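Below is one structure, written out as structure tokens; the observations come after it.
Everything quoted here is computed from the prediction, not taken from an experiment.
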Amino acid sequence: MKLRIGSSAPSAVAVALPVPLGGAVPHAAAPAAKVAHFNGQAGTCCEVRTGGRLLLLIGVGPSPHDATYRAAGAMAVARLSHLKRIALDATGLFAPQAAAFALGAMLRGWTPPQNRRTADPDAPKLTHVDLISEIPGIEAAWGDAEAVWRGSELARDLVALPADVITPDGFIERLEPLRKAGVSITVLKRRDVQREGLGALLAVGQGSAHRPRLVLLQWEGAMEAKPVVFVGKGITFDTGGICIKPADKMWEMRADMAGAAACAGTMLSLALRRSPAPACAVLALAENAIGAESYRPGDVLTSFSGKTIEIIDTDAEGRLVLADALAWAVKRLRPAAVIDLATLTGSIVVALGHEMAGLFGNDPALAAHVAAAGEAVGEWVWRMPMAAGYRAALASDIADLMNCAKGRGQPDACQAAAFLSEFVGETPWVHLDIAGVESREAADDAHAAGATGFGVRLLDRLVAARFEDLHRA
Amino acid sequence: MLDIGFAKSALPKSGALVLLLEEGEPLAGNLLSAVDEATGGAVLRALTAAEFKGRAGSNCVILAPGAGLSRVIAIGIGKPDSLTQRGAEEAGGNVVPLLARETHAAIAAGGVSAELAAAVAMGAALRAYRFDRYRTKEKAEDKPRLSKLAILAAQPVKAREAWAPLKATVEGVFLSRDLVSEPANILTPAEMADRCVALEKLGLKVEVLGPKEMTKLGFGALMGVAMGSANEPRMVVMHWNGVSGGKKPAKSAAPPIAFIGKGVTFDTGGISIKPAAGMEDMKWDMAGAGAVVGLMATLAGRKAKVDAVGLVGLVENMPSGTAQRPGDVVTSYSGQTIEVLNTDAEGRLVLADVIHYCQEQFNPRFMIDLATLTGAIIVALGQEYAGLFSNDDALAAQIASVAEETGEKTWRMPLADAYDRGLKSDIADMKNIAGRYGGAITAAQFIQRFVQGGKPWVHLDIAGMAWSSKDTATTPKGATAFGVRLLDRLVSAHYENS
């Protein structure tokens, strides 16, 4: 999709216009709006054909703010994506609201990369959006929003593409836009992974023909400060390994790298908008496959940290690759803060469903900042507990800890977080369990179906609000 | 219950002596030097040999040290002056299994305040609970023998005064544990209602509604659950009028606070029957009601200066020829219709009617319900926290703060419209389930639909907390009575007129 900013949109056949509660509608549309009982209530809209164009009136309620304009933009695309070119009428909006309006539309306009090539007559056709605005500062405001949109697109494409394309190396090949934007990319191949002693990552990847990789993305920024570091789980496909998953819905496991994808998308966003904050991402990429070399339940691994891990279930592999990536990041990068993202547990989906991600951490202030960033952008998180009992459940008879507790019905999300906390030490750390929010089953006015890119907008906002001002850090 | 007495701190002549020792070099604690001297230095020699440092939670047992004592037990209470109320309870509780072979013992608590000495007593009493009713052949020597426990305190009179209300709480907890432990062939809804009526001796006023009354009122949701069982349902309303000293409250009196419990005396799942494995646990599907009954007994027992009502909905959920079917639509007491898609999501149906009745009858200051409601909350929080859902941040925060003090921990979980949407039914006002994901939240959303006008309300999902598979400091394996102490403390800390 492309977005053009201008004072008019001569070639768009449809225009979306936000209308506050009780606000005036264009004269020609007034009779139709009245018949449809449209009065500007948030979440409602009304289509009017006037002067050879389609006018979509979108209610933004009594006191519209950024989130309402984002929702209005999304609704515009949800209703008009059968057209090739539409306009968003942001006349009279301040630059941040106009940019939010545009961002909502562009995010809603994402389609899975596979769809972009099909001949499906019902596939969305929208390719061009005109933003009608002459307000000073709109170019800069959209520039920042566009960066986060591009980051989100990258993350969503990575999640949506199948696992035969997105192998660990296939994932890395698609990081080219980051290099172009000025992010340095270092790839640790299997030998390096071995030499570094990343024993947990190595074990998870050893059953696959596609070898595991550890990727370091670095954005220097402009400030003399310790970097904020994002760590992403990147299991490009998760069969469960020897503890194989049921066949039903196994195809969804191509999205088990959504944490790593969100980290990559965030780095692209920061680079495109030239964030002054130094930031890094560490992506732990591996395929959890079944093979003659697969690791087994009962194996004991020595992780990068030196801690030994007894494997109870080879399908609890995300925490293993994260254990090494987190410990490596803390030791090698000396971060100001670490935030990891992972489609980690089914337990968090049972706990919170598809509306919120689980937030765990060792630093209440950082946790509060992450939660606030999520709320601001509409990527909701809910704080979950860290308690000694969860760690106690991982006590092993023969190693430092087990990778999960034995038995069914365990609070696995909390126990997995307790497991990860063993590998971050004192560094301020937040873990986001994004299983359940990385994809949406069905489209609605606010969301496209499929990959959500959850985390990109949250982390971009977190950096903007928390890590770009030296005095606040 | 253990026979607990308080006495001036002095070295006993026989039996077992428990020392509470602070961490430090040298070790320090009430009666330590006295008992060491009387035993010719045997006690300190033994503690040194055992490398006992006084760390909180550690202990050392010294058998027959001399001076006529059968054993001296050192219990670590951590750094000097760090002992909290909860820490004192845990110390008292941890002593009990070490004293199983003694008939009487003394705890030297002269080094701590009277309040903490009483807390030690409470911990010991709580841990000494046993549900022995159906063990007919256990040999006497296999039973714990401890029957008398003396707390040696610096101010025994003050400590005894502090113990009096705690004793009432322990009795409430024991009542609750008994109810939860009872098997379902004994504890039917009618039997449980009878046990509530027996609490009138404490000064509670108790009303019981049977199937006729509830049908007449229009309790379609509760009656729908009950209709598969030969054991008739009951709803019990317990009043504690503590402000007016047990008399009927004046018309001008402030409204009461209200507690509501799910009391499914056995839950087979109904027609949506549960798997056989683990089904025996479902005798404790009335633990929410059990907690409410124990709480009301506690408030009455300690003559709490509060007006409170406790309501429990008691039913048995059985599959039978008369049982409710998946797909049935029932009309709740509130008038809202419910499509019952899963007969095993029955607790919320019972609560729906009882909560509506409670609000309509009493317009209480707030309502707190307790229920072993969902498996999802166990997958979310395990056996560490009860899930706390609320429409009122202030009340939720009050509960969270007392939760830490009592060791009955809660964790706030979310409510949001996006979850509520999952309850939309094609043919009724709502359905009773919304899928496996976020199941504890959607259950709470369901209940919230029966709370009117934003009345302050808290829902505690205690499915993971009602039963403990292992001993903890103050709770032997089995029924925990989770909620009794938490809500008793909530009342004493925030809702009693002093």
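- Between A:G389 and B:E384, the shortest heavy-atom contact is CA-OE2, 3.0 Å.
- Interface check for chain B: of the options A:P385, A:G353, A:A387, A:C414, the most heavy-atom pairs under 4.5 Å are formed by A:P385.
- Counting non-hydrogen atoms of neighbouring residues, nucleotides and ligands closer than 6.0 angstrom, the OH atom of B:Y437 reaches no more than 12 such neighbours.
- The structure places CD of A:Q410 at 8.5 Å from CD of B:Q383, a figure rounded to the nearest 0.5 Å.
- Screening B:I378, B:V379, B:L381 for a side-chain contact (heavy atoms from CB on, under 4.5 Å) involving A:S347 leaves a single residue, B:V379.
- Using a 4.5 Å cut-off between heavy atoms, A:E355 touches chain B through backbone and side chain atoms alike.
- Rounded to the nearest 0.5 angstrom, B:Y419 OH and A:L352 CG are separated by 5.0 Å.
- The most heavy-atom pairs under 4.5 Å with chain A, out of B:A376, B:G382, B:A380, B:P414, come from B:P414.
- B:W411 approaches A:R383 most closely through the heavy-atom pair NE1-O, 2.9 Å.
- Atom CD of A:E375 sits in a sparse spot, with 12 or fewer heavy atoms from other residues, nucleotides or ligands closer than 6.0 Å.
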